[in-house]
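Have a look at the structure below before the remarks.
Computed from heavy atoms alone, side chains included, the values below leave out hydrogens, waters and symmetry copies.
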Amino acid sequence: MKSLQDIQVFIETARANSFSEAARNLGQTPAAISKAIQRLESELGFSLFIRSTRRLRLSKQGEQYLPYCISALDQLQEGLTSIDNRKQSLSGLLKISMPSDTGRVILIPLLDEFLDMHPNLSVQVHLSDSYADIYSHSIDIALRFGEPSDSSLIAMPVAKGNRRILCASDSYIQSHPAIDSPDQLTEHNCLCFSVHEGLLSKWNFTHQLTGETKKVTVDGNRKASDGNVVRQWAINGRGVAYKSLIDIAEDLRSGALIEVCAEWRGENAPLYMVFANRSQYSPAVRQLREFLQSRLDKYLEYI
């Protein structure tokens, strides 16, 4: 393995185009710089610089090798920074917006676990199925399904593999006609969710084998702006729901809900962490995202 110090000397010398200038920048003597370059060239088996009495310039091999050295040192520094960040005790207040259903059932318990790990950290949670304005609500981060339509916001995936599942209780399935195709949903009581004052009554599907797509407009006698109400109606046998897998994974495992028409996949519903400025991606936010990613993976194992 080449000496990291020698590689740093090589990078600085290439930038300065001078042994003496590199020596001044690194606080070394020109002789020490020259020896470091010679040592590295000996290990590599080729010359990094073309030397003359008037100037110093990179050789062809040196030009090719330089960007790899810069990239390697940058990655090493990034690794050290990441370790240092983890050593630091997380503290301060995080203001977080999240969907009400996913928040109450899934995210709040996970957030409690995260806070137990970092007792100097505190949170203020805003629960809503309407997208809170990050700017006007003074929110640090928002957990949202789907990429934000506002291109000025930064979005990082937390559960990218999440999708919607067509589901119902066993009691509903046993007492109603089978659903073999999304087209048959018009014959069923569909439990609809509303958001942004709009009703999500157009459900999208893709056949897993053929790739055929269908968009079905559904209707039913129960509609709610709270996703957990829709989930509970489905568990109670009141109709068919089109729910996020994260929200109902435990219900599917327990048998409280059953996936129907399984050969037709619901649309993707990735969960993102959204914030207004990259400077808000603090060590606390970074570690929270990594924690949520690792925990939410188990909710996607049903797929």
Side-chain angles (χ1 to χ4, degrees), residues 94-116 123-134 137 139-149 153-169 190-200 203-204 222-236 240-254 256-259 265-275 285 287-303:
L94 281 180
K95 297 179 180 179
I96 308 172
S97 171
M98 60 182 67
S100 59
D101 184 9
T102 310
R104 291 189 187 96
V105 178
I106 306 297
L107 297 177
I108 293 297
L110 293 180
L111 197 55
D112 287 339
E113 184 181 347
F114 186 74
L115 291 176
D116 288 341
V123 298
Q124 181 176 319
V125 176
H126 176 80
L127 283 173
S128 175
D129 284 316
S130 296
Y131 284 172
D133 188 311
I134 288 180
H137 286 78
I139 292 169
D140 296 316
I141 59 173
L143 294 165
R144 295 178 175 175
F145 287 111
E147 297 186 44
S149 56
L153 297 176
I154 298 168
M156 294 186 172
V158 176
K160 201 166 186 178
N162 188 48
R163 64 179 173 89
R164 299 205 174 275
I165 296 281
L166 192 63
C167 59
S169 69
C190 294
L191 309 170
C192 293
F193 172 64
S194 61
V195 66
H196 304 308
E197 299 180 358
L199 187 64
L200 299 183
W203 295 357
N204 297 289
R222 285 172 171 81
K223 303 171 179 65
S225 60
D226 188 315
N228 196 44
V229 172
V230 173
R231 169 178 166 266
Q232 198 60 53
W233 277 337
I235 291 173
N236 293 341
V240 183
Y242 189 58
K243 291 289 296 174
S244 161
L245 174 57
I246 287 177
D247 294 336
I248 62 166
E250 294 299 334
D251 298 324
L252 293 170
R253 291 190 182 97
S254 69
L257 289 173
I258 297 172
E259 182 177 9
R265 288 177 61 96
E267 64 186 356
N268 293 331
L271 182 66
Y272 280 87
M273 179 177 282
V274 181
F275 42 97
V285 172
Q287 290 193 42
L288 175 60
R289 175 175 172 249
E290 292 172 357
F291 172 81
L292 291 176
Q293 281 183 307
S294 66
R295 293 297 191 273
L296 289 175
D297 279 347
K298 71 176 184 178
Y299 291 96
L300 304 180
E301 290 173 0
Y302 175 82
I303 298 178

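Of the possible polar contacts, none joining the Lys95 side chain to the His126 backbone as a donor-acceptor pair under 3.5 Å is found. Put simply, the side chain of Arg289 gets close to the backbone of Pro157: a donor and an acceptor are under 3.5 Å apart.
Residues Leu107 and Val125 form no side-chain contact, since every pair of their non-hydrogen atoms from C-beta on lies 4.5 Å or further apart. Residues Leu199 and Ser194 are in side-chain contact: their nearest non-hydrogen atoms beyond the backbone lie under 4.5 Å apart. Residues Cys192 and Arg222 are not in side-chain contact: their nearest non-hydrogen atoms beyond the backbone lie 4.5 Å or more apart. With contacts defined as side-chain heavy-atom distances shorter than 4.5 Å, the pair Leu127/Met98 qualifies. No side-chain heavy atom of Asn162 sits less than 4.5 Å from a side-chain heavy atom of Leu271.
Note that CZ of Phe275 and CD1 of Ile154 are 5.0 Å apart. Values are rounded to the nearest 0.5 Å. Distance check: Leu166 CG to Lys243 NZ gives 13.0 Å after rounding to the nearest 0.5 Å. Distance check, rounded to the nearest 0.5 Å: CG of Leu292 to CG of Asp297 gives 11.0 Å. The CD atom of Glu290 lies 6.5 Å from the CD atom of Gln287; values are rounded to the nearest 0.5 Å.
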Inset, instruction - Determine, step by step, whether Leu111 and Leu288 satisfy the side chain to side chain contact (heavy atoms under 4.5 Å, CB included) criterion, reporting the C-alpha distance in whole Å, the side-chain angles of both residues, the deciding distance to 0.1 Å, and the verdict. - result: CA-CA 8 Å; Leu111 197 55; Leu288 175 60; 4.0 Å; yes
Inset, instruction - For Tyr242 and Leu200, run side chain to side chain contact (heavy atoms under 4.5 Å, CB included): C-alpha distance rounded to whole Å, both residues' side-chain angles, the deciding distance at 0.1 Å, then the answer. - result: CA-CA 10 Å; Tyr242 189 58; Leu200 299 183; over 6 Å; no
Inset, instruction - Go through the steps for Asp140 and Val285 under the test side chain to side chain contact (heavy atoms under 4.5 Å, CB included), then give the verdict. - result: CA-CA 9 Å; Asp140 296 316; Val285 172; 5.7 Å; no
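Just one residue in the list Ile246, Leu143, Val274 forms a side chain to side chain contact (heavy atoms under 4.5 Å, CB included) with Val158, and that residue is Leu143. A salt bridge (Lys or Arg N to Asp or Glu O under 4.0 Å) with Arg231 is found for exactly one of Asp226, Asp247, Asp101, Asp251, namely Asp251.
Annotation for Leu257 and Ser169: closest pair CD2-N, 3.9 Å, computed over non-hydrogen atoms. Nearest heavy-atom pair across Trp203 and Leu191 is CZ2-O, 3.7 Å. Taking every heavy atom of both residues into account, Gly227 and Phe193 meet most closely at N-CE1, 3.5 Å. Heavy atoms only, all atoms of each residue included: Arg164 and Ala269 are closest at CG-CB, 4.1 Å.
The side chain to side chain donor-acceptor pair (under 3.5 Å) test applied to Arg295 returns Glu113, not counting sequence neighbours. Scanning for side chain to side chain donor-acceptor pair (under 3.5 Å) contacts around Asn204 gives Glu267, with sequence neighbours left out.
Aromatic ring pairs are classed by plane angle as parallel below 30°, tilted from 30° to 60° and perpendicular above 60°; the pair Phe291 and Phe114 is tilted.
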